[in-house]
Number of protein chains: 2
Amino acid sequence: MKTPAEPLFTPPPTTHNHQQCVHNALKTAETLCVERGVQLTSIRHQVLELIWESHKAVKAYELLDRIKPLQNAAKPATIYRALDFLITQGLIHRVESLNAFVGCRCSGRQHEQLLLICKQCEEVEERTASQVMQALAEEFQRAGFTAHSKAVEVHGLCQRCAGLSSE
Amino acid sequence: MKTPAEPLFTPPPTTHNHQQCVHNALKTAETLCVERGVQLTSIRHQVLELIWESHKAVKAYELLDRIKPLQNAAKPATIYRALDFLITQGLIHRVESLNAFVGCRCSGRQHEQLLLICKQCEEVEERTASQVMQALAEEFQRAGFTAHSKAVEVHGLCQRCAGLSSE
DNA sequence: TAGAATGAGTTATATTATATCATCTGCTCC
DNA sequence: GGAGCAGATGATATAATATAACTCATTCTA
């Protein structure tokens, strides 16, 4: 049931050790869920693992297709429920502008980050961007607005892709 | 064909003169389209007008329902094409986190604004927030990211609604 | 007048997401 | 042990959002 999933994706061409990266993310998730007394069930774990296969944002129905070999009975609701759980626990981000989901690197803590989405390699980089958040807070102050949740998403070219295309 | 549309909505309880506000928006749109040599056709004008009926973000299928009395043949594509046009011309914003659309107050110019979305009255306030944009630009610099388009959307309570609920 | 460009009509379908009710599983309390 | 509860999942259906692809009409202009 907890098959490590076939490498259905092209690993990111970055130099980072992705296997380690995924391993950390899953371990952190497991620990956090224990601490919080919530259940990282088999399905939820599998969905999280599938999301972490790459640093690209993944669509819900893509996850559904990929999880079917492991969970024959999987239906849209299966995926959406798992996604809800993972979002609530701060383990993944929903990328609003793509209707897609990406693993959260700062698992479970601060969950409102700047997302930099590369149009070319499609990878999503998450940044804390405290100065941006600070400027936002000041703007809310001026506007008399009480913020509950933020989505700060930027599309463009990541450093690597911009470098390649300008050569 | 250019019926001013029945008041299907509750006008915003703000003190502003909404009729004037809509009038300005439409006039500006008309002028801009002439300047740019693009056609603000009857359908496009109607959709823009419907969007401006309130300061809430409107769903595409809501627009479809509302435009049907005026454009009997209207289909989803009718609306989505008009929306595409209006977005391209910078006359409306797409609110990514709601899959909805709202009139743009800074028509046609700077089109990347901070959107403050009230969970209670549902109105969307648009702010230029140059300090936020500046902080974003600096963050892109640090990340080596080339930004093409931004969505900065915040959900919460507007001043008015926060005031009311805290009384 | 042919042909390109643009907008709109029409039909079909793809994609994304939720509602609802039934069932199962593990736990607690008696 | 069994009743009852809560949380998770199964199963079915359908809602909501969005696009594709082809046609036709209009306008402009070469």
Side-chain angles (χ1 to χ4, degrees), chain A residues 1-2 29-30 33-34 36-48 50-51 56-89 91-102 122 151 153, chain B residues 1-2 29-30 33-34 36-48 50-51 56-89 91-102 122 151 153:
Chain A
M1 272 305 221
K2 244 177 213 169
E30 288 159 17
C33 288
V34 170
R36 293 174 183 170
V38 295
Q39 303 175 48
L40 187 59
T41 62
S42 166
I43 289 181
R44 291 167 177 176
H45 192 279
Q46 282 168 1
V47 170
L48 185 58
L50 288 172
I51 289 177
K56 299 180 186 179
V58 202
K59 302 276 188 174
Y61 278 71
E62 235 175 283
L63 291 170
L64 181 54
D65 288 341
R66 291 204 207 153
I67 210 174
K68 270 185 178 155
L70 312 175
Q71 293 288 344
N72 211 284
K75 298 279 178 305
T78 315
I79 297 298
Y80 282 105
R81 281 169 183 156
L83 291 171
D84 277 353
F85 171 86
L86 295 170
I87 289 170
T88 302
Q89 295 305 322
L91 300 173
I92 62 172
H93 290 290
R94 181 184 159 84
V95 185
E96 300 290 352
S97 52
L98 294 175
N99 296 330
F101 306 85
V102 72
E122 294 176 27
E153 303 177 3
Chain B
M1 272 305 219
K2 244 177 213 169
E30 288 159 16
C33 288
V34 170
R36 294 175 181 169
V38 295
Q39 302 175 49
L40 188 59
T41 61
S42 168
I43 288 181
R44 292 167 177 176
H45 193 280
Q46 282 168 1
V47 170
L48 185 58
L50 288 171
I51 289 175
K56 299 180 187 180
V58 202
K59 302 276 188 174
Y61 278 70
E62 234 174 284
L63 291 170
L64 181 54
D65 289 342
R66 292 205 206 152
I67 210 175
K68 270 185 179 155
L70 311 176
Q71 291 287 345
N72 211 284
K75 299 276 178 308
T78 315
I79 296 297
Y80 282 105
R81 282 170 184 155
L83 291 171
D84 277 352
F85 172 85
L86 296 170
I87 288 171
T88 301
Q89 295 305 321
L91 301 173
I92 63 173
H93 290 289
R94 180 184 160 86
V95 185
E96 299 290 353
S97 51
L98 294 175
N99 296 329
F101 306 85
V102 72
E122 294 176 26
E153 303 177 4

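Chain A is the first sequence line, chain B the second, and so forth, proteins listed ahead of strands; every chain is numbered from 1. Below, each value reflects all heavy atoms present in this structure, side chains not excepted, and no hydrogens, waters or symmetry copies.
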Spacing of [X] atom [atom1] and [Y] atom [atom2] [to the nearest 0.5 Å]:
X     : Y     : atom1 : atom2 : answer
A/L64 : A/Y80 : CG    : OH    : 9.0 Å
A/L91 : A/L83 : CG    : CG    : 11.5 Å
B/I51 : B/K56 : CD1   : NZ    : 15.0 Å

What's the shortest heavy-atom distance between A/F101 and A/R94, and which atoms? CZ-NH1, 3.4 Å
From D/dG10, C/dT10, C/dA8, pick the nucleotide closest to the side chain of B/A73? C/dT10
Starting at atom [atom1] of [X], determine the distance to atom [atom2] of [N], rounded to an integer number of angstrom.
X     : N      : atom1 : atom2 : result
B/K59 : C/dT16 : NZ    : C1'   : 11 Å
A/Y61 : D/dT17 : OH    : P     : 14 Å
A/Y80 : D/dG10 : OH    : C1'   : 18 Å
A/Q89 : D/dG7  : CD    : P     : 13 Å
A/L64 : C/dT18 : CG    : C1'   : 14 Å
B/Q71 : C/dT10 : CD    : C1'   : 15 Å
B/I79 : D/dA16 : CD1   : P     : 16 Å
B/L40 : C/dT6  : CG    : C1'   : 15 Å

Here's a test of your reading of the structure: between B/L98 and B/A77, which maps to the more 5' nucleotide of DNA chain D? B/L98
Return the 5'-most residue of the pair B/Q39, B/K75 with respect to DNA chain C, ranking by each residue's nearest nucleotide. B/Q39
Heavy atoms only, 4.0 Å cut-off, all strands: where does B/R81 land among base, sugar-phosphate and nothing? base
A/N99 side chain N/O closer than 4.0 Å to the phosphate oxygens (OP1, OP2) of C/dT15? no
Does a side-chain N or O of B/R94 approach OP1 or OP2 of D/dA18 to a distance below 4.0 Å, or not? yes
Does any non-hydrogen side-chain atom of B/I79 lie less than 4.5 Å from one of B/Y61? no
